[in-house]
Asks: 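I have a structure here, written as structure tokens, and I will follow up with some questions on it.
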Amino acid sequence: MTDKVLTANRLSDGISVWLDAAGNWNESLQEAFVARHKEAVEALEATGKQAFADNKVVDVNVVDVEEVDGVLRPLRMRERIRAAGPTIPYAAGYAGLSAIRSAVA
Amino acid sequence: MYRYDEFDHAFVNDRVAQFRDQVARRLSGELSEDAFKPLRLMNGVYLQLHAYMLRVAVPYGTMNSRQMRMLAHVARKYDRGYGHFTTRQNIQYNWPKLSELPDALADLASVEMHAIQTSGNCIRNVTADHFAGAAADEVADPRPYAEILRQWSSVHPEFSFLPRKFKIAVTGAERDRAAIQVHDIGLHLKKNEKGEIGFAVYVGGGQGRTPMIAKKIRDFLPEEDLLSYTTAIMRVYNLHGRRDNKYKARIKILVHETGAEELARQVEVEFAELKNTELKLPEQDIAAITAYFAPPALEPRAEGWAQLAQWKKADADFARWVQQNVQPHKHPDYGMVTISLKPIGGIPGDATDAQMDAVADIAQEYAFDEIRVSHEQNLILPHVALADLEPVYRALVAAGLATANAGLITDIIACPGLDYCALANARSIPVAQEISTRFGSPERQAEIGELKIKISGCINACGHHHVGHIGLLGVEKKGEELYQITLGGSGDENTSIGEIIGRGFEPEKVTDAIEVIVDTYLGLRLDPSETFLTAYRRVGPQPFKDALYGDKTAAAA
């Protein structure tokens, strides 16, 4: 079975988040709890539904990932970009996009 | 430009207060996401890949420096210091927090701006020629009519829940700079033989997954009938437009399935009922709105001619910029300046808060406080004296806004693509950046001449790829990005939809493919005055297919 993580966007600011092992919504994919069997995926889905119903997050999805040398990498480029941010460096004064190309590739 | 009256102010402020309440109830959990989503969309708020996105309307692309400064303020305070000007003459912010959006909208309302009807199945921001009121070839200024349509369509109860979104564009010259033939309704302002103002009316154009060129259903509609005839079109669409399939819900499909002749007949039937009702535009109302758009008092500045010649002689970069980015104005002592938002290797359409402030300063000092957004994702100063071009240029250089590439191969339209957009299948911006970098030398661009490249990251075609001389459509194939190339599209008075040239190209090969196409064109053009589009229309796709794929079999694979 493909490994899976639970992702969503935080209701208040829309920022992409992933469910971590402590049950918190974390801004880093690398902190995500990885479901490796059917029951764990079902638990993720149930947690997602509940968090949506509790108005904590929106656009909740289970996405496929692989672990390469201890680093989680979504299988779809869309999800890699969601996790890493835009692949384009931006204007001076906004840091945070520079290290992204390698993360997305 | 148009100034809000008391009604407009109260209306927009009420709307902000209403949205503030809706956001508070959403954050408290009182409103569910299902209930809230249509409400946020009606206020221009989307949820994208990384965050919410706010799309702010710039009606018919016209604003003043105070409004531009407010756009800079919103970028600084509520976003990450930049915004993205769009192909619908709007601006989008990529990172606003839902909790702060009511404050952002309240700030915008203080300068007569809003985000109403920038989303949803309603009549969207009415767009117009970005050179309106200034172009030498203009019959009449299209903006008063765009403003009349804006007022009529704002929260119009009958047209707030259409089968699908609805886009209207107006142009005031024979040369179509508003791409009216790829809009749901395209209005071409013209005069009849008696010298009266009216419109040729086009219906059913559009891009997206089913690109279609609009059909002309009226040669000349008197201006007084603008709202009654438009209402008649909307009624036919609202009644018969498909609601069973989102992808077949635009009026272009209705026109296609009904036939333009029959649709025109149905519109005429409705129009006969509406023609002499309260929708008939009184002459004094048209005059009152037109007065808002009166051109600034342009004093003779004949000294500019000699100065300009001197400056051009002294500075080749300045001369190149004037050649490429300054167009003739109605008044011979003035010019229309295109401020390129396409720096070589940059992000098409993006501007930082500092750049927006700089444009506001320049507009205030040198350009009668008028700024436009073009559907080609550039900014325009419509009235600049030739005598002021040099200081304007220096100020633009200082702000990183003096790229001399308007209409050239690096003046690329690109949608946000997969870097931001939740609908995208592939990235657009990095592709635009690489092409821009490859062809960035001024000499090479000049040699190639007019060439419009347009890039969309999905079939929705926000990057207008169907009407690009060279169009690029990003798709996802087996989990990877692939770019399909179309050639021969055009969004002007001779609109055409580009033809797919063959199999797609991987991201690392697409710039090479563009170079092959460009080199093929340079090799076959009759002389440097034959543009890419003219040459393509003369020779067709085969020479380009042969150059790209070697033989016909490969192209078909």
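Hydrogens, waters and symmetry mates play no part in the numbers below; they use all other heavy atoms, side chains included. Chain naming here is simple, since letters A, B, ... match the order of the sequence lines and numbering starts at 1 in each.
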Asks: Taking the side chain from Ser16(A) and the backbone from Leu49(B), do they hold a donor-acceptor pair closer than 3.5 Å?
Replies: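 Indeed, once roles are kept as given, a pair shorter than 3.5 Å links the two residues.
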Asks: Would you please test Lys97(B) and Ile15(A) for side-chain contact (heavy atoms from CB on, under 4.5 Å) and show each step?
Replies: CA-CA 8 Å; Lys97(B) 298 178 174 71; Ile15(A) 296 295; over 6 Å; no
Asks: Which heavy atom of Gln48(B) sits nearest to which heavy atom of Asn9(A), and what is that distance?
Replies: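 Taking every non-hydrogen atom into account, O-ND2, 4.0 Å.
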Asks: Any non-hydrogen side-chain atom of Pro430(B) less than 4.5 Å from a side-chain atom of Ile88(A)?
Replies: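 Side-chain contact under 4.5 Å: yes.
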Asks: Is chain A contacted by the side chain of Pro96(B), its backbone, both, or neither, given a heavy-atom distance below 4.5 Å?
Replies: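 The backbone, not the side chain.
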Asks: What part of Leu101(B) lies closer than 4.5 angstrom to a heavy atom of chain A: side chain, backbone, both or neither?
Replies: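 It is neither, since no heavy atom gets under 4.5 Å.
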Asks: Which heavy atom of His50(B) sits nearest a heavy atom of Gly85(A), and at what distance?
Replies: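 Where His50(B) meets Gly85(A) most closely, the heavy atoms are CE1-CA, 3.6 Å.
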Asks: Could you report the tightest heavy-atom contact between Leu31(B) and Asn55(A), atom names first, then the distance?
Replies: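 Smallest heavy-atom distance, with atoms named: O-OD1, 4.2 Å.
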Asks: Please give me the minimum heavy-atom distance between Leu27(B) and Ser12(A), naming the atom from each residue.
Replies: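 For Leu27(B) and Ser12(A), the tightest heavy-atom pair comes out as CD2-CA, 3.8 Å.
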Asks: Heavy-atom distance under 4.5 Å between the side chains of Arg26(B) and Val58(A), does that happen here?
Replies: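 The answer is yes; the side chains approach within 4.5 Å.
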Asks: Salt bridge or not between Arg76(A) and Glu476(B)? Use side-chain N to carboxylate O under 4.0 Å.
Replies: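 Salt bridge: yes.
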Asks: Okay, side chain of Arg78(A), backbone of Ala422(B): is any donor-acceptor separation there less than 3.5 Å?
Replies: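 Yes, the answer is positive, given that a donor and an acceptor are paired below the 3.5 Å cut-off.
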Asks: Specify the closest pair of heavy atoms between Tyr52(B) and Gly14(A), including all atoms of both residues, with the distance to one decimal.
Replies: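 What the structure gives for the nearest pair is CE1-N, 3.2 Å.
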Asks: For the CG atom of Asp13(A) and the CH2 atom of Trp95(B), what is their distance to the nearest 0.5 Å?
Replies: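 One gets 10.5 Å once the value is rounded to the nearest 0.5 Å.
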Asks: I need the Leu418(B) CG to Thr87(A) OG1 distance, nearest 0.5 Å.
Replies: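 Leu418(B) atom CG to Thr87(A) atom OG1 measures 8.0 Å (nearest 0.5 Å).
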Asks: Measuring heavy-atom distances to chain A, does Glu481(B) have an atom under 4.5 Å in its side chain, in its backbone, in both, or in neither?
Replies: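 For Glu481(B), the contact with chain A is made by the side chain alone.
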Asks: Among residues at least two apart in sequence or on other chains, which ones pass salt bridge (Lys or Arg N to Asp or Glu O under 4.0 Å) with Lys38(A)?
Replies: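 Glu42(A).
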